[in-house]
There are 4 protein chains.
Amino acid sequence: MPAARPQPAATPAAPRRARRKEARPGELIEAALALFVEKGFAATRVEEVAARAGVSKGTLFLYFPSKEDLFKAVVRENIAGRFPEWDNELAQFTGDSLELVRYAMHTWWERIGMTPASGITKLVMSESGTFPEIANFYQQEVIGPGHALLRRILQRGIDRGEFRELPLDYAVYSLIAPMIFLLMWKHSMTPCCPPSERLDPITFIDTQVDLILRGMLRPRRPV
Amino acid sequence: MPAARPQPAATPAAPRRARRKEARPGELIEAALALFVEKGFAATRVEEVAARAGVSKGTLFLYFPSKEDLFKAVVRENIAGRFPEWDNELAQFTGDSLELVRYAMHTWWERIGMTPASGITKLVMSESGTFPEIANFYQQEVIGPGHALLRRILQRGIDRGEFRELPLDYAVYSLIAPMIFLLMWKHSMTPCCPPSERLDPITFIDTQVDLILRGMLRPRRPV
Amino acid sequence: MPAARPQPAATPAAPRRARRKEARPGELIEAALALFVEKGFAATRVEEVAARAGVSKGTLFLYFPSKEDLFKAVVRENIAGRFPEWDNELAQFTGDSLELVRYAMHTWWERIGMTPASGITKLVMSESGTFPEIANFYQQEVIGPGHALLRRILQRGIDRGEFRELPLDYAVYSLIAPMIFLLMWKHSMTPCCPPSERLDPITFIDTQVDLILRGMLRPRRPV
Amino acid sequence: MPAARPQPAATPAAPRRARRKEARPGELIEAALALFVEKGFAATRVEEVAARAGVSKGTLFLYFPSKEDLFKAVVRENIAGRFPEWDNELAQFTGDSLELVRYAMHTWWERIGMTPASGITKLVMSESGTFPEIANFYQQEVIGPGHALLRRILQRGIDRGEFRELPLDYAVYSLIAPMIFLLMWKHSMTPCCPPSERLDPITFIDTQVDLILRGMLRPRRPV
DNA sequence: TATGAATGAGCCTTCATTCAT
DNA sequence: CATGAATGAAGGCTCATTCAT
């Protein structure tokens, strides 16, 4: 059987020149995310992105004025505007703060870490030299809000007497560091690791959180 | 990897002019490392590398058949295993294992983290998509031995009753993660961070090690 | 050339909406003339023309099969011979031939030179390399009749003993040259001239005509 | 006989990759002048220019950072720096001012008007809309000095009592206008004129100069 | 008829690589 | 060995033109 070729007239949809103004940007961003993450920004050709989104090169430029703007849109689309949702969710959490931290980390993994969106962070860090502007943007749109969110969680634990007094800034980095590491590791080293030695994300997160929480807990005084 | 490396101290420093030819590849690699780290592989022009090394574009190609080969040489040259030296050093350590861990982390920072050598890690992770074989190589030459070294340290702590029983693999990642994070952060986000908000490496390492150690300690039983 | 031109004044101005369809080509040509003159043929985008005419890009192609055809229509439409009218007007002139020449030049300025119609001459000359057939067309439709008209004026002066015997062909060019120069100057150099140094068209024409007439006059013999 | 093909090894010179750094810019400018004049700026491809100069596309960009800069260089090279020579030449003229004017105009024709350099003026005027910057440059580098030069000639004639008192600015335009006209005419209309009707430049210049001079002469008072 | 989303050929420009000197 | 002028393949982007709605 020869390689798959576009069927003559089987499938009902997919006309050549469909007019789908609403759907295009999202499809292009999705395609760009995948390719940027896979090959890096510079090594990805806009024509590839367009092809993957099922449109022509020209169409891409109908929606994004330049390759760099496409990149920015990818970052924006996949991160911005999700913090309000998360802030809200965490504000309503009623359990103890240890549970809250665990919940936050697992949630992050499910919604970002294990999705293609996780590639963005790798992308931004990898290309930060070439696009300082984007690193800057990321800093403000993602790092800042993320930091604030985690800080609020930790403060809650301190206020409720669950955590000891912590130097907040660095405690926040304690939570961020393993997640960033996990991302970088997953996108960089995992593909060339023998499967047996691969880092299991869930286990890693559990281990990290346990370790960190253990270190943050208010010491029980002996009777 | 036989590429020239700064000789120990044998010949009494030949006159600059004469030494030149010998030193060329090293100078090119050094220049390339700096630029690749700063701007990424694709965004660095070979001409820049040559200029920074004080030679012409043509000369670069006299020593490295292609830009890719230059890249590989950069990684190979800078990864050169210093593990035997470290293994030895740590084997002779006589203090308690908490001190040993602290010592190891600070030493790593002084000898790798804060030097330009830290750039190759960033480089390898950033370009792993484009150069899978390099990531593979790095995995075997650096990750593996590093892992083993840390594992030995932790085992020592357990054996001496200083640490509780730990899932070694993941405990090792607990130590690696913040260091990798620190590297990436330093090379990617720091330049576009307002100085006031910058992560201080020493403080970060101290905080992390404290946290981790606290979590790894064998629980003191109350009297 | 049957393309729509502003009708004399027959129908009592149909409502704007209804008139639209009829008027489209004319509006497009008008917009194109302005833009072609201002920016040149190649640098003008059809979308700009359409926008200026208040229609969409697609509509333009409904009336003109290509950008080149639009260009040709612009020239054809604006060249529309008004020579019969002028021939007639000048034939009825009763004053002396000096006055006639002055009158002709000023009239030309008022009806062509200072109006947007002056742009086509610039256009034709500028784009003659790209559109030789247009230059040819212009030659026959405008240059020829214009030449003939001026020649008749000069001949009248000679016949009436007002002008000396002149090499007619070149005397005609003497009258054409400053007008063409004025056009090109106005459209090309004026925008980037400090206002204080700008050529005043009326003064220029007066000066030129005086000079030329002075040179063409039959020398008065001293008493 | 098939179309000419590069001979195997006949002619002695013309190696494939000749290194002729000194000669390149001039050759490229010459090629560009010819093509820009022939086809206009936009319609000329840099690759054509390079090919005509006998080099590859890349080489062109070795000497000129962009197509526009090449254009500027063409203008600069063909006009700038020739005024001092002319100024000097005219300052040493000893004949009467009528002769001087005639001499100036014929000289201009021989050194500019009939050479490819004459195309530049057409080019600048045609593309002034697209490159206001160049029109501006031309205004300052060419129009200004040219104006001053002609003004000096006329002033000389007035000072020596050969010309009557003239409004200098407009008298200068009287001399410029026919030359500019001649240029535009030659480059735009001549190619599509039947040879029999073509304007002969020398005759035209003579006629014009005669006419103008006649108009500028101090009137002889009858005895 | 009118619209404007979609197309894709074409062009400027970059830069790794080659090679005559 | 070293140089740097020359090369040419590759890619971002534009815009005249098409066509589904």
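We name chains A, B, ... by the order of the sequence lines, and we start the count at 1 in each one.
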Spacing between [X] atom [atom1] and [N] atom [atom2], to the nearest angstrom:
| X | N | atom1 | atom2 | answer |
| --- | --- | --- | --- | --- |
| Leu62(A) | dT7(E) | CG | C1' | 10 Å |
| Glu47(A) | dA9(E) | CD | C1' | 11 Å |
| Leu60(C) | dA16(F) | CG | P | 10 Å |
| Leu70(A) | dG12(F) | CG | P | 11 Å |
| Arg24(B) | dT3(F) | CZ | C1' | 11 Å |
| Phe64(D) | dT14(E) | CZ | P | 15 Å |
| Lys21(D) | dG4(F) | NZ | P | 8 Å |
| Glu22(D) | dT21(E) | CD | P | 15 Å |

Item to check | Distance-only donor-acceptor check, side chains Thr121(A) and Tyr138(A), under 3.5 Å | outcome: yes

So, [X] and [Y], do they make that salt bridge, N to O below 4.0 Å?
| X | Y | answer |
| --- | --- | --- |
| Glu30(C) | Arg52(C) | no |
| Glu133(D) | Lys72(D) | yes |
| Lys39(B) | Glu48(B) | yes |

Checklist entry - Quick one: does Lys57(D) reach the base of dG10(E) with a side-chain donor-acceptor pair under 3.5 Å? => result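 Between dG10(E) and Lys57(D), which were checked side chain against base, a qualifying N/O pair under 3.5 Å is absent.
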
Checklist entry - Do Lys67(C) and dT17(F) share a donor-acceptor pair, side chain to base, under 3.5 Å? => result no

Checklist entry - When we call it a touch if two heavy atoms are under 4.0 Å apart, what does Val46(A) touch: a base, just sugar-phosphate, or nothing? => result sugar-phosphate

Item to check | Base-pairing assignment for dC12(E) (Watson-Crick or G-U wobble, both under 3.5 Å) | outcome: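 Answer to the pairing question: dG11(F), which forms a Watson-Crick or G-U pair with dC12(E).
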
Next on the checklist: Let's test this: given Watson-Crick or G-U wobble pairing with both distances under 3.5 Å, identify the partner of dA20(F).
Outcome noted: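 dT3(E) is the nucleotide pairing with dA20(F).
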
Next on the checklist: Donor-acceptor pair, distance only, cut-off 3.5 Å: does the side chain of Lys67(B) make one with the backbone of Phe41(B)?
Outcome noted: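 A pair under 3.5 Å: yes.
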
Checklist entry - Can you find a side chain N or O atom of Thr59(A) that sits less than 4.0 Å from OP1 or OP2 on dA6(E)? => result no

Next on the checklist: Quick check on dA2(E): is either OP1 or OP2 less than 4.0 Å from any side-chain nitrogen or oxygen of Tyr63(C)?
Outcome noted: yes

Next on the checklist: I want to confirm an ordering. Mapping Phe61(C) and Ser66(A) to their closest nucleotides on DNA chain F, which one lands closer to the 5' end?
Outcome noted: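 First, find each residue's nearest nucleotide; the 5'-ward one identifies Ser66(A).
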
Next on the checklist: If you assign Arg20(D) and Val55(B) each to the DNA chain F nucleotide with the nearest heavy atom, which residue ends up on the more 5' nucleotide?
Outcome noted: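 So the residue in question is Val55(B).
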
Item to check | Arg45(D) side chain, from C-beta outward: closest of dG8(E), dC11(E), dT3(F) | outcome: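 Selected nucleotide (nearest to the side chain): dC11(E).
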
